[in-house]
Amino acid sequence: MQTLKPYLRLAGLEPLVVRPETNFVNVGERTNVTGSKKFARLIREGNYEEALSVARQQVENGAQVLDINMDDALLDGKEAMVTYLNLLQSEPDIAKIPIMIDSSKFEIIEAGLKCVQGKCIVNSISMKEGEAKFIEQATICRDFGAAVIVMAFDEKGQADTMQRKVEISERAYQILVHQLNFPPQDIIFDINVFAVATGLEEHNNYGVDFIEATRIIKQKMPLTKISGGVSNLSFSFRGNEHVREAMHSVFLYHAIKAGMDMGIVNAGQLVVYDEIEPQLRDLCEDVILNRNNDNNQATEALIAFAETVKAKGKVQEKDERWRLEPVEKRLAHSLVNGITDYIEEDTFEALEKYPKPIDVIEGPLMDGMNIVGDLFGAGKMFLPQVVKSARVMKRSVAVLTPIIEQQKKAAPSTSPDGGGREGARILLATVKGDVHDIGKNIVGVVLGCNGYEIIDMGVMVPADKILDEAQKQQVDIIGLSGLITPSLDEMVHIAKEMKRRGMKQPLLIGGATTSRMHTAVKIAPEYGNGVVHVLDASRSVTVAGSLLNKEAKQPFLNDTATEYTKLKQGFENKKITKNYLSYTDAVANKYPIDWQNFVPVTPSFTGVKPVEVSIAELRPYIDWKPFFITWEMHGNFPAILTDEVVGKEATKLYNDANALLDKVIAQNWLTAKGIVGFWEAYAKDDTVVIPSPHGGDVEGTLTLNFLRQQIQKAATVPNLSLADFIAPSNSPNGGELEGGLSNPSLKAQAADYIGAFAVTIHGIEPHIIAFEATYDDYNKIMLQALADRLAEAFAEYLHEKTRKEYWGYATNEHLSNEELIQEKYLGIRPAPGYPACPDHTEKYKLFSLLNATELTGINLTESLAMYPASSVCGWYFAHPQSQYFGVGKIQQDQLEAYAKAKGVPLEYAQKWLAPVLE
């Protein structure tokens with residue numbers, strides 16, 4: 001069996017492999033009682049459920065590792081750490097990333113090590129109490145299989161010079177590796193970032209000491225990792241965020257080049273190094289690199305500059321001097337900066353200089369796109385900028401294409417491109433039954449910017465059509481995308497078909513519903529010529545490059561196959577160790593609601609009601625955070641607009657989005673259509689019965705089927721089902737008796753109800769076509785992303801209207817948009833196919849109840865995706881204790897009971913519930 005390469009391999013429920021090409025690893029720090037007042041308060045109050053939401057938010061913001069610290073004088077740190085970690089492990093959406101157990105007390109670390117699954121990081125151990133204690137603690141960490149952060153701290157104190165940083169690190173390395181047989185790749189040195197520009201000359205070399213120590217440590221101990229707390233560097237300039245942003249960026253630019261791998265930078269707050277105004281960047285480098293700093297001259301110069309920035313802020317002037325450069329440099333400048341103003345003019349000028357149009361493409365245009373690719377790969381450009389670059393490239397190529405075609409007709413035997421293929425060809429498709437393609441479009445643009453020819457087959461593409469086209473076009477790579485869970489099965493089917501056809505192309509898997517684990521467990525075993533999960537657009541370039549390099553391809557596929565085999569084995573082994581309740585016991589442990597003393601609120605109407613609203617009315621309800629995530633910018637809104645890493649580009653993106661939204665509203669591009677309905681209902685075990693789904697004059701009942709959590713929890717924690725939040729058939733106020741026989745006197749007093757809704761945004765298609773015709777990927781993706789946000793905004797608007805007016809159970813609610821986004825309202829609106837009710841086929845019942853297709857124009861595909869893609873549907877629950885949750889994995893006994901209750905064959909239920917089957 002092939003041995004794994006010695007990378008730092010961490011894991012929660014999913015692996016994090018820190019390879020040489022991995023960008024700087026972000027560590028989420030808000031689950032730290034010393035760094036977050038909110039988190040500390042929640043832990044002190046024992047409000048662990050809400051404290052979990054802090055961790056969940058860190059994961060959503062893009063944290064790759066979660067730092068957890070309970071060091072507080074008012075807490076029993078050990079008890080708090082154990083309690084929190086145990087709760088966190090039962091939340092798959094949080095537990096999927098590795099944990100960093102952070103404490104100055106090793107007894108807390110040791111207690112935490114007994115709670116976490118996967119492979120975590122211990123933060124930290126050191127030799128400040130001598131070698132014996134260090135060896136004792138390191139041995140425990142090694143025995144638990146944890147990676148360790150080793151502080152540059154010994155019996156003499158913290159390392160503050162290059163020599164001391166290297167000396168302590170080498171000493172620790174010798175002990176760990178040669179005495180304790182500790183894997184060197186599991187060692188992370190924190191070699192202390194200290195403040196510079198303090199006015200004290202002995203502090204002036206702190207930045208250089210860190211950078212040079214990093215370089216030496218990586219040379220001497222290449223498998224180890226380097227970390228540090230970057231914000232310490234700029235402590236002297238606290239309050240002046242502009243200067244601090246620049247200092248952090250300059251420091252990390254040099255430190256990462258020297259070998260720094262990870263750190264906590266307050267969710268990665270940086271400004272793009274190349275975008276720092278030259279004077280400030282030079283001043284920062286003088287201070288950090290201790291240049292021109294005799295008698296603190298560099299420090300004084302930066303302080304003086306900081307005062308001017310504080311007084312007047314950033315001053316930006318349009319600089320057109322680049323227009324004086326040669327045409328090659330002008331084309332590159334336009335591509336890097338996304339400037340379309342002069343691209344046609346410069347392209348025609350390039351034609352006068354180059355003998356063939358293809359030479360312009362393969363020469364200055366590809367040179368410019370190579371710069372874009374390098375900047376993006378180095379983290380100096382962000383996705384919106386790359387998409388703008390692609391727009392410039394396409395417009396230039398559009399000028400050249402007609403000339404190329406004319407030359408081909410005139411001399412077919414000596415066509416301008418030589419009659420052959422120059423670049424690698426990649427086919428992308430959203431699989432059958434799925435209509436979502438924003439992520440696929442972005443990947444296509446990014447790969448196109450790196451010189452690959454992209455064949456985009458669109459959405460809802462059947463397997464045969466994908467594979468026929470791949471063989472016809474002789475593509476080099478096939479990429480599949482999907483958003484909804486049924487798409488996973490279609491991807492497995494395509495992998496099987498590729499094997500049956502004897503195809504050789506590597507298969508890339510991506511999309512919101514996909515994961516590395518599912519790819520390893522379900523897809524990769526079906527196809528032997530390479531299956532790779534691609535997390536996002538930025539990773540697609542590295543993966544494609546590895547697969548298309550003759551020397552790198554096989555080692556890359558071998559490494560991936562070995563890793564996926566281990567993942568699959570780990571997944572299968574984990575199934576044995578988890579504890580589940582029997583379905584009968586899980587039902588008995590339902591959420592305890594006092595139905596005896598609860599009187600449900602009666603909606604203002606029953607049946608259905610069409611809803612139309614203007615786009616302008618929906619605008620205030622937009623949740624902008626997912627919009628930025630679409631563009632691979634992670635952070636909370638509006639804080640992201642001032643983020644040190646992405647703030648500048650995020651602000652540009654936000655302004656562009658609002659300008660397009662202004663046009664959408666002014667020119668009536670889009671139309672919002674919705675439907676809402678309410679019906680009397682009662683619960684019976686894990687079903688909700690609607691006695692009169694289509695009104696009193698139509699006979700027949702409708703039964704909604706829900707699933708229940710089965711994983712064994714702490715003694716007082718219930719196993720939830722959505723049916724728990726509807727009054728049961730035998731409650732005094734439930735309105736129905738066992739067997740569904742009506743009790744009119746009770747029903748008239750206090751029947752319970754369930755609601756449903758479906759909303760959509762129509763009208764996007766002609767504008768998408770128009771943007772494609774002008775090679776404007778940027779605005780095409782922007783419009784798609786806005787339509788998705790508007791559909792979600794419509795759902796938020798309608799839920800508010802339901803709470804306050806249509807159902808009226810929260811008539812006095814006054815919540816800000818931020819509070820709506822944080823779901824601080826009463827009641828919930830879970831959607832079929834999502835964690836609380838993962839069965840997509842319940843959409844058939846929802847659409848039937850609402851007559852949604854006829855009244856809103858939303859259609860269901862064969863995989864139960866909704867079209868138009870910018871559509872949302874769901875149930876309404878009004879009980880004040882109703883809450884969102886994930887069902888998690890279920891067992892065979894519940895599957896069989898569910899199929900029987902739903903009246904479907906067991907095989908049918910297995911197909912649609914595959915993602916939640918153990």
Side-chain angles (χ1 to χ4, degrees), residues 13-14 89-93 95-96 117 431 433-434 482-496 509 511-526 533 564 567-587 589 685-687 704-713 719-723 830-844 862-865 885-918:
L13 290 176
E14 298 178 3
Q89 298 307 303
S90 65
E91 300 289 337
D93 55 336
K96 66 182 182 180
Q117 55 202 343
V431 298
D434 204 321
L483 180 74
I484 59 174
T485 50
S487 296
L488 299 175
D489 293 333
E490 182 65 13
M491 292 175 180
V492 173
H493 169 63
I494 291 172
K496 290 178 179 178
I509 302 295
T513 194
T514 65
S515 70
R516 199 176 191 86
M517 181 66 78
H518 180 271
T519 303
V521 174
K522 298 290 187 182
I523 306 177
E526 303 298 340
H533 179 256
Y564 284 7
L567 277 175
K568 187 172 186 291
Q569 291 170 347
F571 175 81
E572 289 167 349
N573 292 338
K574 256 188 281 186
K575 290 195 291 190
I576 301 170
T577 59
K578 286 186 179 178
N579 295 319
Y580 290 90
L581 298 179
S582 70
Y583 179 50
T584 303
D585 289 344
V587 173
N589 191 40
D685 293 329
D686 285 340
T687 64
L704 312 179
N705 299 87
F706 296 106
L707 292 166
R708 183 173 295 279
Q709 295 173 326
Q710 261 188 282
I711 194 165
Q712 187 170 352
K713 300 187 178 186
N719 290 78
L720 302 178
S721 166
L722 286 174
Y834 284 78
C837 42
D839 183 1
H840 279 274
T841 65
E842 289 293 293
K843 284 181 193 165
Y844 287 131
E862 58 191 299
S863 295
L864 292 171
F885 61 91
V887 167
K889 298 294 184 182
I890 66 169
Q891 301 299 291
Q892 184 69 20
D893 55 350
Q894 181 167 188
L895 173 66
E896 292 173 0
Y898 186 82
K900 183 178 179 182
K902 195 174 171 77
V904 298
L906 186 62
E907 296 75 17
Y908 181 86
Q910 282 177 318
K911 172 190 172 183
W912 287 99
L913 296 180
V916 297
L917 295 182
E918 180 64 16

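- Two residues are said to be in side-chain contact when any heavy atoms from C-beta on lie closer than 4.5 Å; L13 and M517 fail this criterion.
- Judged as a side-chain contact (heavy atoms from CB on, under 4.5 Å), and not counting sequence neighbours, the contacts of S721 are D686, F706, R708, A723, D724.
- At distances below 3.5 Å, not a single donor-acceptor pair connects side-chain atoms of E526 with backbone N or O atoms of K496.
- To the nearest 0.5 angstrom, Y564 atom OH is 5.5 Å from T519 atom OG1.
- Using a 4.5 Å heavy-atom threshold, the side chains of H518 and I509 count as separate.
- Here the CD-CD distance, from Q89 to Q117, works out to 4.5 Å after rounding to the nearest 0.5 Å.
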- Task: Walk me through it: do K902 and T841 pass the test side chain to side chain donor-acceptor pair (under 3.5 Å)?
- Result: CA-CA 10 Å; K902 195 174 171 77; T841 65; 3.2 Å; yes

- Please lay out, stage by stage, how Y583 and Q892 fare under the test side chain to side chain contact (heavy atoms under 4.5 Å, CB included). CA-CA 9 Å; Y583 179 50; Q892 184 69 20; over 6 Å; no

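- When every heavy atom of P525 is checked against every heavy atom of K568, the shortest pair comes out as CG-CE, 3.7 Å.
- Judged purely by atom type and a 3.5 angstrom limit, E842 uses its side chain to pair as donor or acceptor with the backbone of N705.
- Between atom CD1 of residue I890 and atom OH of residue Y580 there is a gap of 10.0 Å, rounded to the nearest 0.5 Å.
- Looking at residues two or more places apart in sequence or on another chain, you find a side-chain contact (heavy atoms from CB on, under 4.5 Å) between D585 and L581, S582.
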- Task: For the pair I494 and V431, evaluate side chain to side chain contact (heavy atoms under 4.5 Å, CB included) and give the outcome as yes or no after the intermediate values.
- Result: CA-CA 9 Å; I494 291 172; V431 298; 3.9 Å; yes

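- Distance check: M491 CE to H533 NE2 gives 8.5 Å after rounding to the nearest 0.5 Å.
- Side-chain atoms of Q710 and Q891 include no donor-acceptor pair closer than 3.5 Å.
- A 6.0 Å sphere centred on CZ of F885 holds more than 12 heavy atoms belonging to other residues, nucleotides or ligands.
- If you take OG1 on T687 and CG on L704, they are separated by 8.5 Å, rounding to the nearest 0.5 Å.
- Nearest heavy-atom pair across N719 and A586 is CB-O, 3.9 Å.
- Interatomic distance, L707 CG to Q894 CD, rounded to the nearest 0.5 Å: 5.0 Å.
- The number of heavy atoms from other shown groups lying within 6.0 Å of NZ (K522) does not exceed 12.
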- Message: Let's go through E14 and S515 carefully: what are the C-alpha distance in whole Å and the side-chain angles of both, what is the deciding distance for side chain to side chain contact (heavy atoms under 4.5 Å, CB included) to 0.1 Å, and is it a yes or a no?
- Response: CA-CA 8 Å; E14 298 178 3; S515 70; 3.9 Å; yes

Please output the side-chain donor-acceptor pairs of residues 904-913 that fall under 3.5 Å, not counting sequence neighbours, one pair per line with the distance.
none

